[in-house]
Structures are given as structure tokens and as C-alpha cells.
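Quick notes on the structure that follows.
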Protein chains: 2
Amino acid sequence: MSSLAAPRAPISTCAVAVDTALLTIRDGQLRLLLIEPEPSALRGWWALPGRRVRDDESLDDTAHRSLSELAGITAPGAHLEQLRTYGDPSRDPRGRVVSVAYLALTPFADDPVDPGRARLFDVGELGATGGPQLAYDHERIVTDALERARAKLEYTSLATAFVPEEFTLADLRRVYEAVWGVPLDPANFRRKVVSTPGFVVESDKTASPGPGGGRPAKVYRRGSATHLHPAMLRP
Amino acid sequence: MSSLAAPRAPISTCAVAVDTALLTIRDGQLRLLLIEPEPSALRGWWALPGRRVRDDESLDDTAHRSLSELAGITAPGAHLEQLRTYGDPSRDPRGRVVSVAYLALTPFADDPVDPGRARLFDVGELGATGGPQLAYDHERIVTDALERARAKLEYTSLATAFVPEEFTLADLRRVYEAVWGVPLDPANFRRKVVSTPGFVVESDKTASPGPGGGRPAKVYRRGSATHLHPAMLRP
DNA sequence: CCGGTTGTGGTCAGTCCGACCGTAACGATG
DNA sequence: CATCGTTACGGTCGGACTGACCACAACCGG
């Protein structure tokens with residue numbers, strides 16, 4: 001976009017990286033994928049999986065690669081969206097790195113994680129003492145990722161990215177409860193979900209009850225809607 | 001997807017730029033700032049004001065600079081927020097450029113624009129025949145910017161970024177009508193705005209009526225709220 | 001069989017919103 | 001000054017949606 005012909009300061013370039021905040025749900029709790037950056041680095045420091053952008057690679061491709069190379073996650077059905085770009089000149093002590101952060105969501109069914117130094121942390125531990133210390137400005141990225149996820153559950157069908165192909169309304173409700181951190185009324189949640197056009201479609205199957213018993217639930221699949229009208233507002 | 005220890009391609013860097021979509025309101029219509037990229041370039045092509053990121057410069061600073069250097073806009077009270085980053089390898093035919101797009105909003109009071117090749121276009125002309133042809137992938141950026149602005153009017157107090165310090169509820173309503181492109185009921189709009197805590201605060205002044213006469217309106221200022229509860233939903 | 005648990009359907013009151021009407025306060029016109 | 005058109009302001013009414021409940025259905029375990 002240069003327009004002036006006068007001799008300018010030499011055109012400089014930046015290192016561009018992608019850092020991915022992957023969220024999933026385990027045991028009813030929202031969890032975040034973190035990795036130990038280097039074995040030689042300080043113990044107890046954790047970071048988001050990140051990779052440098054290659055010359056012929058789109059940003060989305062780099063995000064996928066950061067998950068596959070650093071955590072062995074190749075889930076093709078995972079939701080992936082750009083979050084925000086962090087470019088403060090002093091955000092990385094090793095030099096100027098502009099980082100495009102991504103938000104990734106996977107269903108809670110996929111167990112195969114942790115091929116190396118990756119781990120899933122309960123997001124409740126993050127700010128607390130004893131929790132992982134985050135490197136660089138990754139704590140801020142995580143804060144933004146959580147807020148994005150919480151907000152988009154309200155007005156999009158993003159919650160279905162956390163559940164497998166077939167799910168019950170209780171599964172979906174536990175997603176909202178885990179991400180928002182508040183309990184929801186099962187009956188009202190059900191009324192809201194089924195009355196929102198295109199959110200979920202009922203299948204003819206029924207799920208088997210849990211270990212404690214209880215009435216079997218109907219099985220649903222994702223609907224075609226991406227935006228919810230009206231929105232499901234946080235209590 | 002290779003993670004092998006074999007010698008990798010040399011670490012490469014990208015040109016990083018900031019492109020800014022500035023929106024304002026003129027004559028009751030939503031307008032977008034565009035510039036002619038180069039005198040020697042094809043006639044009739046327009047682009048968002050953009051600048052390369054300097055070594056010691058934050059992305060926000062580059063966005064401010066793109067407005068001041070290319071359009072003479074230095075409004076310190078302008079709202080500026082990051083929109084999204086566009087990094088497709090083929091988005092710029094001259095080479096790999098990763099562009100961080102920004103959304104800027106200024107009150108409709110500021111007239112001093114157009115020091116060079118800058119112009120304010122009615123957003124209604126953009127897709128239509130006879131409107132400006134946008135270079136690179138800037139049409140997509142503009143689409144995303146408009147959708148961001150329209151969506152954020154719903155659940156934030158962003159509309160006050162389009163009006164001066166002191167404004168009437170009719171001014172604020174015309175902002176919503178211009179951005180959303182739909183007429184709103186004045187009475188219902190008023191009820192909604194004044195009942196949303198922290199949106200606006202009443203001053204003791206009254207504005208003078210327009211040329212056609214009419215009862216003078218009370219003058220309001222911005223409130224302290226950033227998010228609206230409940231939201232002001234599009235009709 | 002019986003109590004505990006979970007899913008499903010319904011009621012009821014309060015809130016919010018769109019559509020609408022009436023009044024207040026101005027400028028313009030005769 | 002009287003009237004009219006225009007805009008601001010305040011209120012009403014019915015429908016839609018929501019949260020707090022309650023009741024029943026369907027399963028498990030003892």
C-alpha cells in the first residue's frame with residue numbers, strides 16, 4: 001500500500017505466528033489445551049500451541065498444523081475460527097512476533113491427546129494459585145478466547161461443536177453449564193432449544209440412561225441454523 | 001504437516017499491514033472512507049487506507065497512522081477496534097501480505113476529510129453498479145466491517161461513537177437507522193434507550209429544533225455502560 | 001415393589017417489545 | 001393571532017418470551 005516515491009525507511013517484515021486456544025469438555029468441565037514450550041525452558045510455564053506461518057500457507061492451515069504437530073489433534077470436524085491478532089512490539093522477548101490467535105472447539109468424545117508435552121487444564125485452575133503459569137501474553141489470549149466462546153454460545157449454535165454427532169439435550173445443557181459456569185433449569189433449557197428453529201433436529205433413537213438410572217433421553221443431531229433467534233441469554 | 005527434525009525451510013517473515021475501515025454518518029447515510037491507491041493504478045479502483053506496520057509500532061498505532069497519513073483524520077475520540085486478520089497467500093498479487101483489518105467509527109460532526117485522494121462513499125453504492133470497485137480482498141473486509149458494526153449496535157453502546165459529545169435521542173436513532181438500514185419507531189426507541197441503565201444520561205439542555213420546526217429535544221450524553229442489558233435487537 | 005434419578009411436558013406470573021394513540025412544543029404561514 | 005405541519009414525549013394494549021415451579025414418565029438398584 002505504499003504510495004510515496006520518496007526513499008522511506010527500509011521495508012521491514014515481521015515474524016507471523018498462529019497460536020490456538022483449543023477448548024473441550026471433560027467430566028463436565030471446560031478444559032484448555034496447553035503445552036510446555038521447551039524442555040529446557042522454565043519448569044511450570046505453559047503456552048498455547050503455536051507455529052510460524054509458512055510462505056504458502058493460509059492462517060487457517062497454520063492453526064490446524066499447530067494442533068496436529070504439537071498435540072496430535074487432527075479432528076477434521078473441529079470448529080476453528082480466528083480470534084484476534086496480538087502484535088504488541090514487546091509481547092515476545094525474543095523479538096517482534098505478530099501472533100494470530102485462533103479458537104478451536106472439539107467434542108468431548110476425542111480422547112487421543114497428550115502425545116508429548118500437551119495437557120488439558122480445567123479453566124478454573126488458570127487464574128488460581130497452583131495452576132499453570134502462562135508464558136508471553138497467552139493469559140490475555142485465553143481470557144479473550146473464553147469470553148468469545150461464552151458470548152457465542154448465546155447467539156449461535158456453537159455449542160453443538162462441543163458434542164458428538166448424536167447427543168441428548170442433557171449433553172447440550174452440560175455444555176452451556178460448563179462454559180458459562182452456571183447451572184441451568186433442564187425444563188426451560190429444553191423448551192428454549194426445541195423452540196429455536198434449526199438449532200437441533202430430533203432423531204428417532206433414544207440414549208441409554210446413565211449409571212444412576214433415569215429416564216432415557218431422546219437423541220438429537222445438529223440443525224442447519226448457525227445463528228439463534230431469539231438468542232439464549234446467560235442468566 | 002511435517003514435524004521431522006530434517007532441515008526445515010528457512011524461517012520466513014511476512015509483510016504485515018493494517019487496513020482500516022472507517023465508518024461515519026453523513027446526511028443520514030452510513031459512509032465508508034476509501035482512497036485511490038495510486039495515481040498510476042487503474043482508474044476507478046478504490047482501497048481501504050492501509051499502512052505497513054513499523055518495527056516499534058503497535059497495531060493500534062498503525063491503524064491511527066493509516067487514517068492520519070492517508071486521510072488527514074486525527075480524531076483522538078474516534079472509536080478504533082481490531083476487526084480480523086486476512087492472510088491468504090494470494091490475497092495480494094504483489095506478494096505475501098498479512099493484513100490486520102481495523103474498524104473505526106467517528107462522529108458525523110467532523111468534516112475535514114479529503115486532503116488527497118480520499119472520499120466518503122455511501123455504503124449503499126458499494127455493491128451496486130456504478131459504485132467503486134474495491135481492490136484486493138477489501139470488499140470482503142468491508143463486508144465483515146459492516147456486519148461487525150451492525151451486530152455491535154445490538155449489544156453494546158457503540159452507537160454513541162457515531163454522535164458528538166452532546167446529542168438527542170433522534171440523533172442516536174438516526175445512527176441505528178443508518179447502520180441497520182431500517183426505520184425505527186421513535187417512541188419505542190426512546191423507551192428502550194432510557195430504560196437501559198447506563199446507556200445515556202440526560203443533561204439539562206435542550207436542542208434547537210430543525211429547519212422544519214418541531215418540539216425541541218432534550219440533550220443527552222454518553223453513559224458509562226459499554227454493554228446493553230437487555231440488548232437492542234434488530235427488527 | 002419402592003425410592004432415587006433423570007427426562008419431558010405443562011402452568012403461571014413477570015418482563016419485554018411492537019403497534020398504536022394522544023398530548024406538548026416548536027416553526028412556518030396566512 | 002390562529003392554524004397547520006412537524007417533531008418530541010408519554011402512555012396503553014396485546015403478544016412473545018422467560019424464570020420459577022410442579023407433575024408425570026421411564027429407567028436403575030435394592
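Just so it is clear: chains get the letters A, B, ... in the order the sequence lines come, proteins before strands, and each one is counted from 1.
As a whole-Å value, the separation of B/Glu202 CD from D/dG10 C1' is 13 Å. Atom NZ in A/Lys205 sits roughly 19 Å away from atom P in C/dG7 (whole-Å rounding). Distance, A/Leu169 CG to C/dG9 C1': 13 Å, rounded to whole Å. Note: CZ (B/Phe189) to P (C/dC16) measures 17 Å, nearest angstrom. Put simply, CG on A/Leu233 is 10 Å from C1' on D/dT18, counting in whole angstrom units. If you measure from atom CG of B/Asp185 to atom P of D/dG11, you get 16 Å, rounded to the nearest angstrom. Atom CZ of A/Phe199 is separated from atom C1' of D/dC17 by 17 Å (rounded to the nearest Å). Atom CE in B/Met232 sits about 10 Å away from atom P in C/dG18, given to the nearest Å.
Salt-bridge annotation for A/Asp137 and A/Arg91: present, with a side-chain N of the basic residue lying under 4.0 Å from a carboxylate O of the acidic one.
Nearest nucleotide to the side chain of A/Arg215, out of D/dA26, D/dC9, D/dA20: D/dA26. Side-chain proximity of A/Lys218 to the nucleotides C/dT8, D/dC21, C/dA19 is greatest for C/dT8. Minimum atom distance to the side chain of A/Pro230 is reached by D/dT18, of the listed D/dT18, D/dC21, C/dT8. Nearest nucleotide to the side chain of B/Arg173, out of D/dA8, D/dA26, D/dG10: D/dA8. The nucleotide whose nearest atom lies closest to any side-chain atom of A/Pro209 is, among C/dG9, C/dG7, D/dC27, D/dC27. Side chain of B/Pro216, nearest nucleotide from C/dT8, D/dG11, C/dC26: C/dC26.
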Worksheet item: After noting the C-alpha distance and the side-chain angles of B/Arg31 and B/Phe121, does the key distance pass the side chain to side chain contact (heavy atoms under 4.5 Å, CB included) rule?
Response: CA-CA 5 Å; B/Arg31 297 194 129 99; B/Phe121 285 91; over 6 Å; no
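For the OP1/OP2 pair of D/dT18 and a distance below 4.0 Å, the side-chain nitrogens and oxygens of A/Lys192 include at least one atom meeting the criterion.
At a threshold of 4.0 angstrom between heavy atoms, the contacts of A/Ala170 are confined to the sugar-phosphate backbone, with no base atom among them. Residue B/Ala207 is out of contact with every strand shown, counting any heavy-atom pair closer than 4.0 Å.
Side-chain contact between B/Asp60 and B/Tyr102 is present, with at least one heavy-atom pair separated by less than 4.5 Å.
Residue whose closest nucleotide on DNA chain D sits further toward the 5' end, between B/Gly214 and B/Val219: B/Gly214. Remark on DNA chain C: of its neighbouring residues B/Pro235 and B/Gly212, the 5'-side contact belongs to B/Pro235, judged by nearest-heavy-atom nucleotide.
In terms of heavy atoms, B/Arg148 sits closest to B/Leu103 at CG-CD2, 3.7 Å.
The base of D/dG19 lies close enough to the side chain of A/Arg191 for a donor and an acceptor atom to sit less than 3.5 Å apart. With hydrogens and angles ignored, no donor-acceptor pair under 3.5 angstrom links the side chain of B/Arg190 to the base of D/dG11.
Between the side chain of A/Thr156 and the backbone N or O of A/Leu158, at least one donor-acceptor pair lies under 3.5 Å.
Within the cation-pi definition used here (under 6.0 Å to the ring centroid, within 45° of the axis), B/Arg84 qualifies as a partner of B/Tyr86.
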